[in-house]
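The model shown is predicted, which means the values in this text are computed figures rather than measured ones. Just the heavy atoms: all of them, side chains too, but no hydrogens, waters or symmetry mates, feed the values below.
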Amino acid sequence: MVCFFQVMYWTTHLEGGPRRVNHAAVVVNDKILSFGGYCTGENYKLRRPIDVHILNPVTLRWISLAEPKEKDPQYACAPFQRYGHTAVVYNNNVYIWGGRNDEYGCNTLFCFNTETLTWSIPQVSGEIPRGKDGHSACVIGDNMYIFGGFDVHQSRFCQDVYAFNFIKNQWSLVHTHGTPPLFRDFHTATAWGTRMYIFGGRGDEAGPFSSSHEIYCPVIMYLETKTNCWKTPTSRGSIPIGRRSHSAFSHNGYLYIFGGFNSVCNKHYNDLYRYNFAASEWQVVMTLGKRPCKRRRQVCLMIGDRLFVFGGTSPRDDADEDSLVEKLIDHDDMHILDFAPSLKKLCLMTVLENKLDQSCLPPTIRWDLKAMTTNNCLNRKLTSSG
């Protein structure tokens, strides 16, 4: 096993944020914006406007934006509450595509202006993809690339690629070359240069159509968008087991993978791997501190050298994960992994872990300690165990 270790510290664990699963989130101007998702027990047949939560990464406080009412012009422009959608950033605007509620899929593109905090529906043309959930999306240049997912209307897995050009407001089906990734959903797509890297996801032995024989591919592939050609690099090192509903993000020349679920093994994960884009090598990342519990369908986002992990769902503590009956609990927590903790941050951790007296510390230091340990109060009461 090839392992990687540096001082990477899980420094913060706070409860009481938005309790959300299969949500989508982005970083804009050093703030995290989270859109939609579901919470077990709530009604997702109604077409109410999507919820929006914003995190201040300094104070570690969440706020919830007011949802537009029916008489508000914004009501018709806002996407309906959904899960399994994607969110990307282009020119400080957030674009939401795909996803579904309990009855409807959606293929309308929505734009959220992060300065005015308002919604609009761009007028688009071209080959608009059918509504999907569990697809992936990433921005390369002036294009958003959509891959895979589950076609809600045809009840089938996908392996096609669509591109949306932000300059022309135009969709196009990308005609690719080479062998594409298998039909799948709930994989991840990560941009690096002109390449879109695909990892994980849930496929099926029946190809595009769902049966009871799920497959989880551990092979990483990429689409070179300059040539629209699929490539499969020869990977080495500690390759993570195939999984779905994990998180992926890039940082300093590496692709990181966190968490996820494999139904064949019936296992959830809270491991962290990194993939060297240049060397095509996987490593297990060892960390200090208390890591998040095993989970899937969470969000992971980098701000500077800090990783923010929030939401998702996990097996209950009183449930046997090897049982055929899956009992899940949805999370309202947030964890922060500091990739390069400062001496100050390490000192703060020493104070907290050893429960040292804080009364003699400067007010600014006590403020930092309070921010790291004071829970939020946005959580929704659980109405079901899942």
Student: Could you go through Phe183 and Phe157, starting from their C-alpha distance and side-chain angles, then the distance that decides it, and tell me whether this counts as ring pair (Phe, Tyr, Trp, His ring centres under 6.0 Å)?
Tutor: CA-CA 5 Å; Phe183 295 85; Phe157 294 104; 8.2 Å; no

Student: With a 6.0 Å cut-off on ring centres, are Phe147 and His187 close enough?
Tutor: yes

Student: Yes or no on ring pair (Phe, Tyr, Trp, His ring centres under 6.0 Å) for Phe110 and Phe112, after CA distance, side-chain angles and deciding distance?
Tutor: CA-CA 7 Å; Phe110 297 89; Phe112 184 75; over 10 Å; no

Student: Hydrogens and angles aside, do Tyr90 and Asn143 bring a side-chain donor and acceptor to less than 3.5 Å of each other?
Tutor: no

Student: Please determine whether a side-chain nitrogen of the Lys or Arg among Asp151 and Arg130 lies less than 4.0 Å from a carboxylate oxygen of the Asp or Glu.
Tutor: yes

Student: Could you walk me through whether Tyr216 and Arg202 pass the side-chain hydrogen bond (donor to acceptor under 3.5 Å, both in side chains) test, one step at a time?
Tutor: CA-CA 5 Å; Tyr216 294 86; Arg202 171 184 59 181; 5.3 Å; no

Student: Is the Phe186-Phe261 ring centre distance short of 6.0 angstrom?
Tutor: no

Student: Applying the salt bridge (charged side-chain N to carboxylate O under 4.0 Å, His left out) criterion to Arg19, which one of Asp333, Asp51, Asp332 satisfies it?
Tutor: Asp332

Student: Please identify each residue that fulfils salt bridge (charged side-chain N to carboxylate O under 4.0 Å, His left out) with Glu224, with sequence neighbours left out.
Tutor: Arg195

Student: What is the minimum heavy-atom distance between Gly253 and Trp192, and which atoms define it?
Tutor: CA-NE1, 4.3 Å

Student: Any chance CD of Glu115 has more than 12 other-residue heavy atoms, nucleotides or ligands included, within less than 6.0 Å?
Tutor: no

Student: Taking atom CD of Gln123 as the centre, report whether more than 12 heavy atoms of other residues, nucleotides or ligands fall under 6.0 Å from it.
Tutor: no

Student: Does Arg48 make a cation-pi contact with Phe80 (under 6.0 Å, within 45 degrees of the axis)?
Tutor: no

Student: Would Asp338 and Lys345 pass as an ion pair if we require N to O under 4.0 Å?
Tutor: yes

Student: Counting only pairs under 3.5 Å, give me each side-chain donor-acceptor contact of residues 171-182, with atom names and distances, residues two or more places apart or in other chains.
Tutor:
residue	atom	partner	partner atom	Å
Thr176	OG1	Trp230	NE1	3.4

Student: Centroid-to-centroid, Trp282 to Phe199, below 6.0 Å?
Tutor: yes

Student: State, to 0.1 Å, how close Lys69 and Tyr75 come at their nearest heavy-atom pair, and which atoms those are.
Tutor: O-CB, 3.1 Å

Student: Nearest 0.5 Å please: distance from the OG atom of Ser250 over to the OH atom of Tyr197.
Tutor: 11.0 Å

Student: Between Lys168 and Asp142, does any side-chain N to carboxylate O distance fall below 4.0 Å?
Tutor: no

Student: Between Tyr9 and Phe339, is the ring centre distance below 6.0 Å?
Tutor: no

Student: Taking the six-membered ring where the residue is Trp, are the ring centres of Trp119 and Phe35 under 6.0 Å apart?
Tutor: yes

Student: Can you list the steps and then say if Phe164 with Tyr145 is a ring pair (Phe, Tyr, Trp, His ring centres under 6.0 Å)?
Tutor: CA-CA 7 Å; Phe164 178 77; Tyr145 288 88; over 10 Å; no

Student: Is a salt bridge present between Arg243 and Asp271, judged by a nitrogen-to-oxygen distance below 4.0 Å?
Tutor: yes

Student: List the residues meeting side chain to side chain donor-acceptor pair (under 3.5 Å) with Ser247, not counting sequence neighbours, and say none if there are none.
Tutor: Gln298

Student: Please find out if less than 6.0 Å separates the ring center of Trp62 from that of Phe310.
Tutor: yes

Student: Would Arg366 and Gln358 count as a side-chain hydrogen bond (donor to acceptor under 3.5 Å, both in side chains) here? Give the steps.
Tutor: CA-CA 7 Å; Arg366 296 202 303 271; Gln358 302 179 20; over 6 Å; no

Student: Do Arg47 and Tyr104 form a cation-pi contact, if we require the NZ or CZ to be under 6.0 Å from the six-membered ring centre and within 45 degrees of the ring's axis?
Tutor: yes

Student: Taking the six-membered ring for Trp, is the centroid-to-centroid distance between Phe258 and Tyr256 below 6.0 Å?
Tutor: no

Student: If the threshold is 4.0 Å, N to carboxylate O, is there a salt bridge linking Asp133 and Arg100?
Tutor: no

Student: Which atom names give the shortest non-hydrogen contact between Leu60 and Met372, and what distance separates them?
Tutor: CD1-CA, 4.2 Å

Student: For the residue pair Glu214 / Ser263, report whether a side-chain donor-acceptor contact shorter than 3.5 Å exists.
Tutor: yes

Student: Do NZ/NE/NH1/NH2 and the carboxylate oxygens of Lys132 and Asp160 come within less than 4.0 Å?
Tutor: yes

Student: Can you find a heavy atom in the side chain of Asn92 that is under 4.5 Å from one in the side chain of Asn29?
Tutor: yes

